[in-house]
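All remarks here apply to the structure that follows.
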Protein chains: 2
Amino acid sequence: MIGHATAPSRGEVTRESILAAAMEVFARDGFRAASTRAIARAANANQALIGYHFGNKQRLYLTVFEHIADRVETLLGPTLARIESELAPPVDGDPANARLLLDLVSGFAAMLLSDETSTWARLILNEQQRPSEAFDVLYQRVIGRVARLLTQLVARLRGRTDVTEEDRLIAITIIGQVLVFRVAHAAVLRQFGWNDIGPRQVGAIIERLQANIAAILAIDIEQLAS
Amino acid sequence: MIGHATAPSRGEVTRESILAAAMEVFARDGFRAASTRAIARAANANQALIGYHFGNKQRLYLTVFEHIADRVETLLGPTLARIESELAPPVDGDPANARLLLDLVSGFAAMLLSDETSTWARLILNEQQRPSEAFDVLYQRVIGRVARLLTQLVARLRGRTDVTEEDRLIAITIIGQVLVFRVAHAAVLRQFGWNDIGPRQVGAIIERLQANIAAILAIDIEQLAS
DNA sequence: GTCTATAGTCGGATAGAC
DNA sequence: GTCTATCCGACTATAGAC
């Protein structure tokens, strides 16, 4: 149900508003603490309609994560596909692979730091701590794919196609440098005296990420300016 | 109630076992989803005794965090105090400050990744997403102090005493490289094929962190071997 | 201090009218 | 598709016996 040729029916409107409300309430309260009554109230819908449209609370929760995976694939899919197809042979500090890596990290950071993803971030963080069926959906469709691609790029930039534990460690620490701005969001704002993470902040963060990555992987960043 | 000259009374034993069980169950399930019945069962105690010893569930939760803050200060306090007192003047890549920085990060990582603190880490991460009264205490007593110290060390290693936004960005990205192993726990285990983050893994992580930090701050790591 | 028992509340699910 | 009403289990807190 991606696009509609005709106007959405009444039932579809209800379904979508319950789904949107569920995303907010699950993110705010966690699965267990979120009540179907609170979700229905936030959606301006009747509590019994959750059962009608989604079966039960658990399936509503899963549907929220499928929805997120759809959206992330829309946002990041083209970039991932392009990078996957342009992977260059393993050569130390190869500018082609270096550029792909910096593109990937920049795209990931821009997505992760956007307003739209702040709700998702809390949902995903909850799942990381206590993985359920929902985490499998997300890992297989998004997280694993990004991690695999990033790790491969790191390995090739270090001169090999086979991936070592060291490559994985480098890839994870790179992801950490992005994630921390979401995970420690409030602390970051306090620390920097920022009101929010807006375009200027995202720019400064991405610039710093690129400098860090270049240093860690001994990439000549001057050479990349084309 | 840190030490006892005499054997603990029966009531104290009950109190402590409820507290220990509460820490586990709150970490596993979160505040709301953790039931006093489950806590009592895990503590081999009667559910009504929670009311007797702690008043109510909320106060039991707060007591858990006070206990953690005490313990973290015991573990990390001496290291922090030593580093604070040994801060060297600002000189680019000064080996003295470099060693302090690597000590700080290693100590922080070792604590954050140890078995003992895995339960605490989950409690704190839960709080970070939906901060309550419990988080402020922890932030002011531990997290803020570590962040401030780390930022000062970064600034001095880059040749100044005043802290710039760039210094803060570097400090945050360093913290992110440690945090990610707890925050993205489920994804990390899958990506590496690890069953848990044990001593071997912690050693490899810390080694990689030090290499990354040395690269980012242009520290000559050979020069540090004393 | 510890126990049993229960009052009072809330939440998920669903039957059945419209 | 949407609504009201309700069943029933689970929860916190507490009264009161020992």
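Below, read A as the first sequence line, B as the second, and so on, with proteins coming before strands; counting in each chain starts at 1.
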Rounded to the nearest angstrom, tell me the gap between atom [atom1] in [X] and atom [atom2] in [N].
{"X": "B:I39", "N": "D:dA13", "atom1": "CD1", "atom2": "C1'", "result": "14 Å"}
{"X": "A:R37", "N": "D:dT6", "atom1": "CZ", "atom2": "P", "result": "13 Å"}
{"X": "A:N56", "N": "D:dG9", "atom1": "CG", "atom2": "P", "result": "18 Å"}

Quiz item: With A:F192, which residues qualify under ring-ring contact (aromatic ring centres under 6.0 Å, His included), at least two apart?
Solution: A:W194

Quiz item: What pairs with B:F31 under ring-ring contact (aromatic ring centres under 6.0 Å, His included), at least two apart in sequence or on another chain?
Solution: B:F26, B:Y61

Exercise. Could you tell me whether A:R141 and A:D70 have a side-chain N and a carboxylate O separated by less than 4.0 Å?
Key: yes

Self-check item: Terminal contacting nucleotides, 5' and 3', DNA chain C versus chain B (heavy atom, 4.0 Å)
Solution: C:dG1 to C:dG11

Regarding [X], tell me which of base, sugar-phosphate or nothing describes its non-hydrogen contacts under 4.0 Å with the strands shown.
{"X": "B:R15", "result": "nothing"}
{"X": "B:A34", "result": "sugar-phosphate"}
{"X": "B:T14", "result": "sugar-phosphate"}

Quiz item: Does CD belonging to B:E73 count more than 12 external heavy atoms closer than 6.0 Å?
Solution: yes

List, one per line, each side-chain donor-acceptor pair under 3.5 Å for residues 43-53 of chain A, sequence neighbours excluded.
unit_1	atom_1	unit_2	atom_2	d
A:N46	OD1	A:A48	N	2.9
A:Q47	NE2	A:T36	OG1	3.1

Only pairs under 3.5 Å count here: list side-chain donor-acceptor contacts from residues 100-107 of chain A, not counting sequence neighbours, and write none if there are none.
unit_1	atom_1	unit_2	atom_2	d
A:D103	OD2	A:R82	NH2	3.3
A:S106	OG	A:L102	O	2.7
A:S106	OG	A:Q210	NE2	2.8

Quiz item: Within the side chain of A:Q152, is there an N or O that forms a donor-acceptor pair under 3.5 Å with the backbone of A:L149?
Solution: no

Self-check item: Under 3.5 Å: donor-acceptor pair, side chain of B:R208, backbone of A:L169
Solution: no

Practice problem: Give, ordered by number, those residues of residues 43-54 of chain A having at least one heavy-atom distance below 4.0 Å to an atom of DNA chain C; if nothing qualifies, reply none. | Solution: A:Q47, A:A48

